Engineer: 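One structure coming up, written as structure tokens, with questions to follow.
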Amino acid sequence: MALLETRMLSKSFGGLRAIQQLEMDVEEGSIHGLIGPNGSGKSTFFNLVTGVYKTDPGSVVRFAGEDITNFEAHEIGRRGVARTFQLLRLFSEMTVLQNLLVGYHTHTKYAAAAPIFRPRSVVRADQEASESMFELLSIIGLAEFADMPAGELSGGQRRLLSLGRAMAMRPKLLMLDEPAAGLSPTNVDVLMGIVLDLKKRYGLTLLIVEHILKVVMDTCDRVTVLDHGQKIGEGAPHEVKDDHAVVEAYLGKEMSDEEVRAAFAKAAR
Amino acid sequence: MNLVVTLQGVGGFFGRMERTHPLLPWLLAIVALLPLPLILSGLFNDYYVYLANRICIFIMLSVGLNIVKGFCGQVTVGHVGLYAIGAVTAAILSTNFGFSFWMTLPAAIFIAGLAGVVVGVPSFRLEGAYLALATLGLGESVRIMISVTPYLGSSTGLGGIPAPSAFGFTFDNFTRYYYLVMPIALVGIYLSFAILRSATGRAFQAIREDTIAAAAAGINVRKYKLLAFVISAMYAGCAGAMFAHMRPGYIHHNNFTIIEMVTLLLMIVLGGIGHVWGGVIGAIIVTIIYDQTKDFYFYQPLLFGSSMVLLVIFMPQGIGGLIDRYIVTQRFIDARREAGDGTS
């Protein structure tokens, strides 16, 4: 069954059609990769699904069978869609633990006014939340930094924290926007190891945007390729890799001898 | 160094008491502050007790402003307007309708809270300086409303506001009034801490740090922005009622000018934006400076404006931030020493 479905998903910014009638299914329990050259609409797709942007009329986004098109971002988050951001967007002045607790917000069991007198129920709920967040911190390997402001972490640790914050929401669908960008090859392996561990542990469905093709090819069950906001290929990683249109989108069209000669002549002039 | 040790000692002491019972340190603080008016009037004179009352009122204002500006990151310059609404509500209800302080206080808090909704709604669409301008407009229009409406006081102001009384005891001089406003101010500080450390406080901070990420984490950004505005407006309304009922029981629209707003902003900038104790320390220091420079009335705006600019440039974190940094640095040095690779 498809956990996330989009039908006729479109988004224009003025004259620029960032996403055009995109139809995509993310199967429950799968790892779905989303690739494409810069500006092909991957991040726009994320922002449309998570409610950061409003879609154009006619678009439909369904999550777990429910129509969530143009819901407010927090409504979508509440339903079990968590995401990370390309630029991380951590709460830098808050501590590592607090960052996770914000992610856990929707699971806090007391009303907004209850903490005023700190009855035992609130103290207990806060303790439980902290404990389960510490469990998550030890999975992502940041337990010893719990009380450090998030802004003081290293680049790799920040990426892990943004993953942890999304996981603190106890999501069904985890959407990762370039999780491995800027990491060294060793750290990429560590990170993907943690991601796969989390998936197994919590029965996640993953949707990954990634530029490092090795990550996509090694981990994904299914890959969708975008170019200029359109789907130009879909299938298992090895199928996509050999797809003519995909290669063309990434590397450009193969030129005939005539064309090469013409290009050289033009350059020499 | 010594300051850090003292602060850590005090912090640890409070922490231990709090673990015994969360309200224990606050009750002790009330007890410890009880003899203050006697000391002040004994050493100086009654005027300083009046100053202590004023400080308590400004603590309510600055702690409240810190919730919306410090925790939630929404720049508002209309806080004095809400303070005015609280004061006028209390004044009219008590003089025209004969309500007692115990009725006018909740009424002022409620009405100011409603006004807080109006001030908060622009924050859905505006940010930073634009939001500041919108709220400034709202705050000033409240003052102008008051200054032109005879029913609300206009140029003569509203007088004859009765002193509060309870069980035959009337809070009709500054020493007595202190025993009313000091506990209220402490309750205000306590509530502010309770909010900060709860899920609600974390939601406020998340919105301050990154609105989009907060929404993605399932936080209803509009709801919490509005909640922050309403809570801080309720603080202002409470402060307004406390001000209206203080001797001589007279309010005038000149009490709610933009100068007061700058003074208030200076308090939380000096104390440290986002630090609850910072707001308290700022309120104490700035109220005293304001009072001591009253002879140079015309130069006060210049003094306060320029000190604000200097603070923002040279000490943007305020006193609270400096203390925080001291403690963090000290903790780091201690940890290094324990690890055994310290250089000293």
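In this text, all values refer to a predicted model and were calculated from it rather than measured experimentally.
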Engineer: Heavy-atom pairs under 4.5 Å with chain B are the metric here; pick the option from A/Gly103, A/Pro171, A/Ser92 that has the most.
Structural biologist: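 Highest number of heavy-atom pairs under 4.5 Å: A/Ser92.
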Engineer: With a cut-off of 6.0 Å (strictly less than), are more than 12 heavy atoms of other residues, nucleotides or ligands near OH of B/Tyr130?
Structural biologist: no
Engineer: What residues of residues 93-101 of chain A sit under 4.5 Å from chain B when only non-hydrogen atoms are counted?
Structural biologist: A/Glu93, A/Met94, A/Gln98, A/Leu101
Engineer: Between CZ of B/Arg202 and OG1 of A/Thr108, what distance do you get to the nearest 0.5 Å?
Structural biologist: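 Going from the CZ atom of B/Arg202 to the OG1 atom of A/Thr108 covers 6.0 Å.
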Engineer: Could you check which of A/Arg165, A/His105, A/Met169 has the highest count of heavy-atom pairs closer than 4.5 Å to chain B?
Structural biologist: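 Looking at each option in turn, the highest pair count goes to A/His105.
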Engineer: Please classify the contact of B/Arg208 with chain A as side chain, backbone, both or neither, using a heavy-atom distance under 4.5 Å.
Structural biologist: side chain
Engineer: Could you name each residue pair satisfying ring pair (Phe, Tyr, Trp, His ring centres under 6.0 Å) that touches residues 67-104 of chain A, not counting sequence neighbours?
Structural biologist: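 Sorted pair list: A/Tyr104-A/His107.
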Engineer: Can you establish whether the number of heavy atoms outside B/Leu28 located under 6.0 Å from its atom CG is more than 12?
Structural biologist: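 It does: B/Leu28 CG has more than 12 such atoms within range.
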Engineer: Report which part of A/Val102 has an atom under 4.5 Å of a heavy atom belonging to chain B: side chain, backbone, both, or neither.
Structural biologist: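 Contact with chain B: backbone and side chain both.
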Engineer: Show the atom names and distances, to 0.1 Å, of all donor-acceptor pairs under 3.5 Å that link a side chain in residues 110-123 of chain B to residues at least two apart or in another chain.
Structural biologist:
| residue | atom | partner | partner atom | Å |
| --- | --- | --- | --- | --- |
| B/Ser123 | OG | B/Gly120 | O | 2.5 |

Engineer: Is A/Glu135 atom CD crowded by more than 12 heavy atoms from other residues, nucleotides or ligands, each under 6.0 Å away?
Structural biologist: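 No, not enclosed.
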Engineer: Please list, chain by chain and in numerical order, all residues satisfying ring-ring contact (aromatic ring centres under 6.0 Å, His included) with A/Phe145, sequence neighbours excluded.
Structural biologist: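 A/Phe145 satisfies ring-ring contact (aromatic ring centres under 6.0 Å, His included) with no residue once adjacent residues are dropped.
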